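Here is the structure we will look at, set down as structure tokens.
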Amino acid sequence: MSAIHHDPDFESDTHEGALALVEELLATSVDACIVGLDRERRVRLWNDGAVRHYGHTALEAVNLLKLDDLVAPGQNALVDEIFRVASVAGSWSGNVSLAHQDGSLARRRCDVTVRKNQAGSVLGFWFVPRTVADGVQTQRADELFRAMLESAPDAMVVVDREGVIVLVNSQTERLFGYERTELLGKPVEVLVPPRFRPRHPEHRSGYFREPRVRGMGTGLDLYGLRKDGSEFPVEISLSPLETKAGLLVSSSIRDCTERKRIEHKLEEKHAELQRASQAKDRFLATMSHELRTPLNAILGFAGTLLMRLPGPLTSDQERQLRTIDSSGKHLLSLINDLLDLAKIESGKVELHIERVDCTSMAREVAAALQPLAAAKFLSLEIISEAREQWVLTDRRALNQILLNLANNAIKYTDRGSVRIEIVGVPGDSAHNVEMHVVDTGVGIEAVDQAKLFQAFHSRPTGGSQPHEGSGLGLHLSQRLAVLLGGEIRVESAIGRGSRFTLVLKGM
Amino acid sequence: MSMRVLVIEDNAANLELMTYLLRAFHHVAIEARDGETGIELALREEPDLVVCDIQLPELDGYGVLSALRSSPRMTTKPVIAVTAQAMTGERARILAAGFTGYISKPIDPLTFVSQLVEFAQRGRPTAPVDPPRG
């Protein structure tokens, strides 16, 4: 009877090792409730899931309980039927009322699978109820999903492949003015203005062919239609939703009336500002033209007279003509500087950043100012430690700054020299370049140094010359230097001359 | 070498200044106060060089230039723009339009005529002449 002794022992000796492993796996799968039964329907395996579901411990269940103890009373016929079918067909599935340790009952769908040895005789059964825990989880997920749907800030409409609405949230009711029941089962096109309806199914099939998440703000001009027939601008995001019932599309719909209104207002404001800016530009251009036209004749004829083209001049005539000429030129520089300043103020200065050699720039400026320096018997020198000193900057702006600084230096110096020094200064990351304009002129008092870069601040000449500058030159130069990412600094002492330093970012 | 120069300029004082300077340096100046008259005189007189203001009433300097360029006898003659317009981009626009050269107002009476002579001799200059800014 030894064979018989082993036979009901649930495990077949030929599969002992493998079964031990399966048993261990099953015993520790907490989520599923799995009960192993022998041919007599006695419990031989009781896993953690079964402990959780029924309440009995393995010690209480194994070898002590039979399946009849695990189902509600009065189901003996059903249990017999289950084992008859499972033995013949291999498995059985159906609803069974289960009895828990605490006496509570639960009707669950159960799967019963037969276990046979190689000879085909029945060894026992697997009894696997679909556990309550699964159901609870599903129910919780359902609740969670609904809560999410309702708490979403946007209207959410879920449609199927045919465009039939299968789910909406309360925001949808509020946004479109429909009751939920009026929408479920209806084509989603009821929410779309008529002029967009004909092409809507086409878009939808296109989406179902290539379902992917499409965010809001894709630049499409979309509109929703309320129950009362009114339209409103919307933003829509779409996401595919895989379900047992097939692929669905979930759309979030947001009323963007307010955003559109603000956008429209901003556009209007922008256009208005642009018109104002254009009017200002036109005004500046016209003013510049209108002021230069008479100035052309004033300076021109003062020039022809000074050239003595019409005839000789007395010394008084010549002196007075020179005053007309210099005052006219002063007026011209004012007009030019104001125009430049207006361009800086309105951000109209276009910088063309390129590699510029400071040394050759200094030579150009010196060459242009050489006649002025020579007229005052001043030496004009360039001192550079390197043959070339490259920076990335705007050539025209740099020229304007340097010309202004050197011109000032000559203007405020009566004897001695004006030097342009170019020095490379090792910086944090890049090699900075400093261009110093050094004069041996009258110098500037400390109190005046602070005001030097203000608009319309004129330096006292300390000499006999009348003012020729606009009082804008240094202000403009500083503004340009800042635009170039640099600055102008000044050091000066009365009677000892001045040093203006333009700091430029090197390469 | 004496040149015959047509000056098209609507402002009387500036027209007088330019023609006075030309004559003072022994050139022949032909005067026009508007674009249409300028084109008519250019075709009739066939000057060696045309000096043309950009901002003219009715037909402006650009219009005058394109009319002159479409006439076979004036296709290759130097046409110099003179303008009091100092906004950025104007110079580039003038040269792109096909003017031989560009002089901005106020003109420098000392160099005005020599600049014109240079334009006439060289044709298109390598760099536009702009008086230094004060």
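Owing to the predicted nature of the structure, the values given are computational and were not obtained by experimental measurement. By convention in this document, chain letters (A, B, ...) are assigned in the order of the sequence lines, proteins followed by strands, and residues within each chain are numbered from 1.
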Residues from residues 297-308 of chain A approaching chain B under 4.5 Å (heavy atoms):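 Listed by number: Ala297(A), Leu299(A), Gly300(A), Phe301(A), Gly303(A), Thr304(A), Met307(A).
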Listed partners of Arg73(B) passing salt bridge (charged side-chain N to carboxylate O under 4.0 Å, His left out), at least two apart: Glu46(B)
Top contributor to chain B interface from Thr293(A), Asn404(A), Asn296(A) [non-hydrogen pairs under 4.5 Å]: Asn296(A)
Which atoms of Tyr20(B) approach chain A - backbone, side chain, both or neither, heavy atom under 4.5 Å: side chain
Closest contact, heavy atoms only, Lys105(B) versus Arg292(A):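 Distance-wise, the nearest heavy atoms are O-NH1, 3.0 Å.
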Residues of residues 27-39 of chain B with any heavy atom under 4.5 Å of a heavy atom in chain A: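 If one takes a 4.5 Å heavy-atom cut-off, no residue of residues 27-39 of chain B lies near chain A.
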More than 12 heavy atoms of other groups within 6.0 Å of Glu58(B) CD: no
Partner set under side-chain hydrogen bond (donor to acceptor under 3.5 Å, both in side chains) for Glu16(B), not counting sequence neighbours: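 For Glu16(B) there are no side-chain hydrogen bond (donor to acceptor under 3.5 Å, both in side chains) partners, ignoring immediate neighbours.
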